[in-house]
Q: 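Before I ask anything, let me first share the structure, which is written out below as C-alpha cells.
A, B, ... follow the sequence lines: proteins, then strands. Residue 1 opens every chain. Worth saying up front: this structure is predicted, and the values here are computed from it rather than measured.
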Amino acid sequence: MTAHHDHHHHHPHPGGKAPAAISRRRFLQRSSEIAIGTAIAVTAGGTLLNSAEAWATEVKALKPETLRTLIAVARDIYPHDRIADRFYAIAVKSHDDTAATDEGHKALIETGIATLDTAAGAGGYLGMQWEADRVALLRTIDDTAFFQAVRGGLVVGLYNQPDVWTIFGYEGESYSKGGYIDRGFDDIDWI
Amino acid sequence: MAAPYDLNDGSVVVIIGSGAGGGTLGNELAQKGIDVVILEAGSRHEYEDFVNDEWASFGQLAWTDMRTTSGSWRVHKDFPNLPAWIVKAVGGSTTHWAGASLRFQEHEFKARTTYGHVAGANLLDWPITLAELAPWYDKAEAKLGVTLTNGLPGLPGNNNFKILKAGADKLGYKEVHTGRMAINSVQRDDRNACQQTGFCFQGCKWGAKWSTLYTEIPKGEATGRMEVRPNSHVLKIEHDASGKASGVVYVDKDGKQQRQKARIVAVAGNSIESPRLLLNSASSMFPDGLANSSGQVGRNYMRHMTASVYGVFDKPVHMYRGTTMAGIVQDEARHDDSRGFVAGYELETLSLGIPFMAAFLNPGGWGREFTTVLDSYTHMAGMWIVGEDMPQETNRVSLSGAVDQHGLPVANVHFDDHPNDIAMRNHAWAQGRAIYEAVGATRTLPTPPYPSTHNLGTNRMSARAQDGVVNQWGQTHDIGNLFISDGSQFTTGGAENPTLTIVALAIRQADYIAKEMSAKTI
Ligand SMILES: Cc1cc2nc3c(=O)[nH]c(=O)nc-3n(C[C@H](O)[C@H](O)[C@H](O)COP(=O)(O)OP(=O)(O)OC[C@H]3O[C@@H](n4cnc5c(N)ncnc54)[C@H](O)[C@@H]3O)c2cc1C
Ligand code: SF4
C-alpha cells in the first residue's frame with residue numbers, strides 16, 4: 001500500500017467526524033476477492049478470522065463478537081453483493097480504534113449491538129437468517145445515535161476505499177495517466 | 001517581485017479574500033499602479049499540489065472552520081456544520097469551481113419589475129442594467145478565456161454531455177451546447193488546454209481551468225504592486241473617529257494578531273464570511289455592524305435553487321471521464337410564469353466520483369434502494385439544476401452562539417426554500433427525468449441540493465441606502481472607503497452560475513476605485 005492510499009482515511013466527513021486511520025497493512029494479513037456472507041469466526045485469542053477471505057484482525061477495545069456483528073450490520077446497511085466482507089471490516093474497524101480511547105463511543109457501540117441482539121431474539125442479530133428480517137429490524141432503530149454513527153462512518157469508511165472504487169468501475173485519479181483525453185472521455189457508442 | 005508592504009502603510013488597498021472577487025480586484029488595481037495587500041485566511045497550494053481525490057482535495061482546500069445552520073433546508077439536517085462547500089485557500093473557490101461562465105439575462109437585473117410582487121420575497125431591481133455591465137462582461141470573458149466567446153472553440157463533449165444532448169434533442173430543446181466555460185479549449189494565457197481529467201472540482205492540475213490562484217494573483221504580484229499574505233485571517237475591520245475604514249486586524253501565519261492600516265478596505269470573503277466580518281466589526285459608532293444602517297447585512301441570503309438528476313442506463317456511460325460541467329441546456333432559463341413559477345433555470349452536466357456520490361446522492365439514505373444505484377455507477381449520467389431563488393429577508397447569515405478558533409462568533413446560515421423555489425425545483429426535476437428517459441434511462445433519481453457552492457446576496461446592491469448595503473459600484477452606502485467585492489453584492493441571483501458576474505463587477509469596481517482615488521474622493 002502506498003502513502004497515497006493511507007491518507008484516504010484522514011479527511012473530514014461533512015456530516016460528522018472522519019473515521020480514524022486504519023492501517024490495512026496491519027489489519028489485513030492476506031486478502032482475496034471472494035465474498036462469503038458473514039463467515040467470520042472469533043478465535044480463542046479474541047481475533048476475528050475469515051478463512052474464506054483469508055484475513056484476520058485483532059480487536060482491541062470492543063468485544064470481538066461486537067465487531068463481528070458490526071461487520072454484518074455494515075453489510076446490511078450498505079449491501080453490495082460484489083464487495084467482500086474485508087472491505088466492510090475495514091470500514092467499521094475505526095469504531096474499535098475510537099473505542100480504545102473514547103469510553104462514550106465504546107458504550108455507544110456495545111450497547112447498540114447488545115440492544116440489536118436482544119431485539120433479534122434467540123441467536124441474536126447474527127442468528128437472523130435473512131437479510132430482509134435484519135433490515136426490518138434496522139429500520140426500527142435507524143433514528144438512533146448508534147445507527148447514525150455506524151451509517152455515517154460507513155459513508156467515508158466504506159466508499160473512500162480505492163479498492164472498492166475499482167469494484168464499482170470508478171477509475172479514480174487520472175492526472176498521472178494524462179487525463180481521459182485519449183482514454184475514452186467521449187467513447188460512448190450507443191447513443 | 002511581490003511587494004511587501006509595511007503594516008503601518010496606510011496608503012494601501014486591503015482586500016480580504018483572494019477568490020473570484022478579491023483576486024480579480026487585486027490584480028486589476030495593481031495593473032493600474034495601485035498598491036494592494038490581499039489577506040487570505042487559507043494556505044497557498046499551487047496547482048501541481050492539487051489531488052485527484054475527492055475527500056483528500058476537500059481536506060486540502062475546503063473551508064471547514066466551524067459554521068452552524070438553521071431552517072427547514074435539508075442541508076441543516078444532513079450537514080449541520082457545512083452549509084456551504086467553498087474554499088479556504090489562495091484562489092478561493094475558483095480552485096474548486098467548475099468554470100461555467102454565463103452572463104445574466106437582461107430581465108434578471110430587473111427582477112422586481114419583471115416578476116412583480118412575489119409574496120414573501122424581498123425582490124429588488126439591481127441599480128445597474130445588462131447594457132451597463134456588458135463592457136465588463138466582455139472584459140471578464142476575455143480574461144477567463146470563456147469558450148464559445150471571442151472566437152474560442154467549445155470544449156469537446158464527453159460521454160455525460162452526449163447523453164444530455166441526445167435527451168434534450170428528443171425533447172425539442174434548442175439551446176444545448178458544451179457550455180461557456182472558463183476552461184482552455186486551446187492553449188492560451190500560458191496555460192494548458194483541458195486534458196479531460198475529470199477532477200475540475202478538485203482543482204485543475206493542468207491549470208486549464210481559470211483560477212485566480214495561477215492567473216490574477218501571479219500577474220498582480222508581477223507588477224510589484226501587490227502582496228498576498230496567506231494564512232492571514234481577518235477578524236475585524238476598524239474605522240477612525242470620522243467613521244472611515246482605517247485598517248484591519250488579522251491573525252497571521254504564526255497565530256499572532258496584526259493590524260494592517262489601509263486607505264481602502266474591500267471585502268471579498270464570499271457571502272457567508274463577508275457579512276460575518278461586518279457584523280463582527282461592530283463598534284460603538286456602528287453597534288449593528290459596519291455598513292449596516294439598512295439592517296440588510298447578512299439578509300437575503302441566496303444559494304440558487306439547485307438539485308440534481310441522475311439517470312441509470314442499461315449500457316455504460318462513464319460520466320466521470322472528462323470535464324465535470326461542460327454541457328448545458330438553456331431553454332428553461334427564460335422567465336415564463338406559465339410554468340407555475342417566476343424566473344428560470346439551467347441544466348448542466350455534473351459528475352461526482354464514488355466518494356462524493358455516496359455522501360451526496362441521498363444523504364442519510366441506506367439499504368438496497370441506495371446501494372443499487374452505486375452498483376450501476378459506470379452506467380450513470382448526471383446533471384445539475386441551477387435556477388434563480390427568491391431573496392428572503394429571513395434567509396440570513398447572522399452571528400451564532402458558537403465561536404471559532406479565534407474566539408469570534410461563527411456564522412449561522414438560516415435558510416428556508418421559498419414556494420417559488422420548490423415549484424421550480426419540481427419542474428426541473430421532471431424535465432431532467434424526461435431528458436434521461438427519452439434516451440432510455442432505466443431509473444432516474446432526484447437528488448437534493450448539496451451544501452451551497454453558490455452563496456449570494458448578503459450585502460446586496462441597491463439604489464437606495466435603506467434597501468441594501470452597497471451602491472452600484474459595490475461601495476457601501478455608509479462608509480465611502482469600504483467596498484464589497486464578491487457575490488454578496490448580488491441584488492438577486494439570476495439563473496446563471498455567478499462567477500462571471502462577480503469577475504465583471506470586480507473589474508468594473510477597480511475602474512471606479514482608481515477613478516475615485518485619483519479624484520481624491522476616497
Ligand atoms: C464545487 C464548486 C463548483 C463551482 N462551480 C462554479 C461554476 O461552474 N460556475 C460559477 O460561476 N461558479 C461556480 N462555483 C462558485 C464559485 O466558486 C464562486 O461563485 C466564486 O468563487 C465566489 O467568489 P468570491 O470571491 O465571492 O469568494 P471565494 O472565491 O470563495 O473567495 C473567498 C476567499 O475569502 C477568504 N476569506 C473568507 N473570510 C476571510 C477572512 N475573514 N480573512 C481572510 N480571508 C477570508 C476565503 O478563505 C476564500 O479564499 C463553484 C463553487 C464550488 C465550490
Ligand atoms: S477536465 Fe479539464 S478543466 Fe477539468 S480538471 Fe481536467 S483538465 Fe482541468
Q: Please evaluate residues B:L374 and A:Y78 with respect to the criterion side-chain contact (heavy atoms from CB on, under 4.5 Å), reporting the C-alpha separation (whole Å), side-chain torsions for both, the decisive distance (0.1 Å), and the verdict.
A: CA-CA 10 Å; B:L374 294 179; A:Y78 289 123; over 6 Å; no
Q: Are more than 12 heavy atoms, taken from residues, nucleotides or ligands other than B:E48, located less than 6.0 Å from that residue's CD atom?
A: yes
Q: Find the distance between NZ (A:K177) and OG1 (B:T197) and round it off to the nearest 0.5 Å.
A: 11.5 Å
Q: With a 4.5 angstrom heavy-atom cut-off, could you sort out which part of A:E171 is near chain B: side chain, backbone, both or neither?
A: both
Q: For A:Y175 together with B:F199, are the ring centres under 6.0 Å from each other?
A: no
Q: If you apply the rule salt bridge (charged side-chain N to carboxylate O under 4.0 Å, His left out), what do you find for A:D81 with B:R368, and how did you get there?
A: CA-CA 10 Å; A:D81 302 335; B:R368 286 190 185 265; 3.0 Å; yes
Q: Provide the closest heavy-atom pair for A:Y170 versus B:P355 in the form atom of the first, atom of the second, distance.
A: CE2-CD, 3.9 Å
Q: Which heavy atom of B:A359 sits nearest a heavy atom of A:V155, and at what distance?
A: CA-CG1, 3.7 Å
Q: Give, as side chain, backbone, both or neither, the part of A:D187 having an atom under 4.5 angstrom from any heavy atom of chain B.
A: both
Q: For a 4.5 angstrom cut-off between non-hydrogen side-chain atoms, does A:V135 reach B:W366?
A: yes
Q: With a 4.5 angstrom heavy-atom cut-off, which part of A:R139 approaches chain B: side chain, backbone, both or neither?
A: both
Q: First locate atom OH of A:Y180, then atom CD of B:Q195, and finally report the distance between them rounded to the nearest 0.5 Å.
A: 14.0 Å
Q: Would you say the side chain of B:D375 lies within less than 4.5 Å of the side chain of A:H80, judging by non-hydrogen atoms?
A: yes
Q: Tell me whether the centres of the aromatic rings in A:F168 and B:Y377 are closer together than 6.0 Å.
A: no
Q: At a 4.5 Å cut-off on heavy atoms, which part of A:L138 comes close to chain B: side chain, backbone, both, or neither?
A: both
Q: Specify which of B:G364, B:G365, B:G322 makes the most heavy-atom pairs with chain A at under 4.5 Å.
A: B:G364
Q: Most heavy-atom pairs under 4.5 angstrom with chain A, which of B:W206, B:F161, B:F370?
A: B:W206
Q: Is chain B contacted by the side chain of A:I77, its backbone, both, or neither, given a heavy-atom distance below 4.5 Å?
A: both
Q: So which part of B:F313 gets closer than 4.5 Å to some heavy atom of chain A, the side chain, the backbone, both or neither?
A: side chain
Q: Applying ring pair (Phe, Tyr, Trp, His ring centres under 6.0 Å), name anything that partners B:Y310, two or more places apart in sequence or on another chain.
A: none
Q: I'd like to verify something: which residue of B:I163, B:N160, B:I354 has the highest number of heavy-atom pairs under 4.5 Å with chain A?
A: B:I354
Q: Which one of B:S376, B:A62, B:A166, B:P316 has the most heavy-atom pairs closer than 4.5 Å to chain A?
A: B:P316
Q: I'd like to verify something: which residue of A:D182, A:I188, A:L154 has the highest number of heavy-atom pairs under 4.5 Å with chain B?
A: A:I188
Q: With chain A, which of B:G367, B:G440, B:P363, B:G167 has the greatest number of heavy-atom pairs at distances under 4.5 Å?
A: B:G367
Q: So which part of B:P156 gets closer than 4.5 Å to some heavy atom of chain A, the side chain, the backbone, both or neither?
A: both
Q: Rounded to the nearest 0.5 Å, how far apart are OG1 of B:T323 and CZ of A:F185?
A: 7.5 Å
Q: Between chain B and each of A:G178, A:S176, A:S174, count heavy-atom pairs under 4.5 Å; write down the option with the most.
A: A:S174
Q: Looking only at heavy atoms, which of residues 106-124 of chain A get nearer than 4.5 Å to chain B?
A: none
Q: How far does CG of B:N158 sit from CD1 of A:I181, to the nearest 0.5 angstrom?
A: 11.5 Å
Q: Given B:N159 and A:D186, is the side-chain hydrogen bond (donor to acceptor under 3.5 Å, both in side chains) satisfied, shown in steps?
A: CA-CA 5 Å; B:N159 292 333; A:D186 64 348; over 6 Å; no
Q: Among A:V164, A:I191, A:D76, which residue forms the greatest number of heavy-atom pairs with chain B at distances under 4.5 Å?
A: A:I191
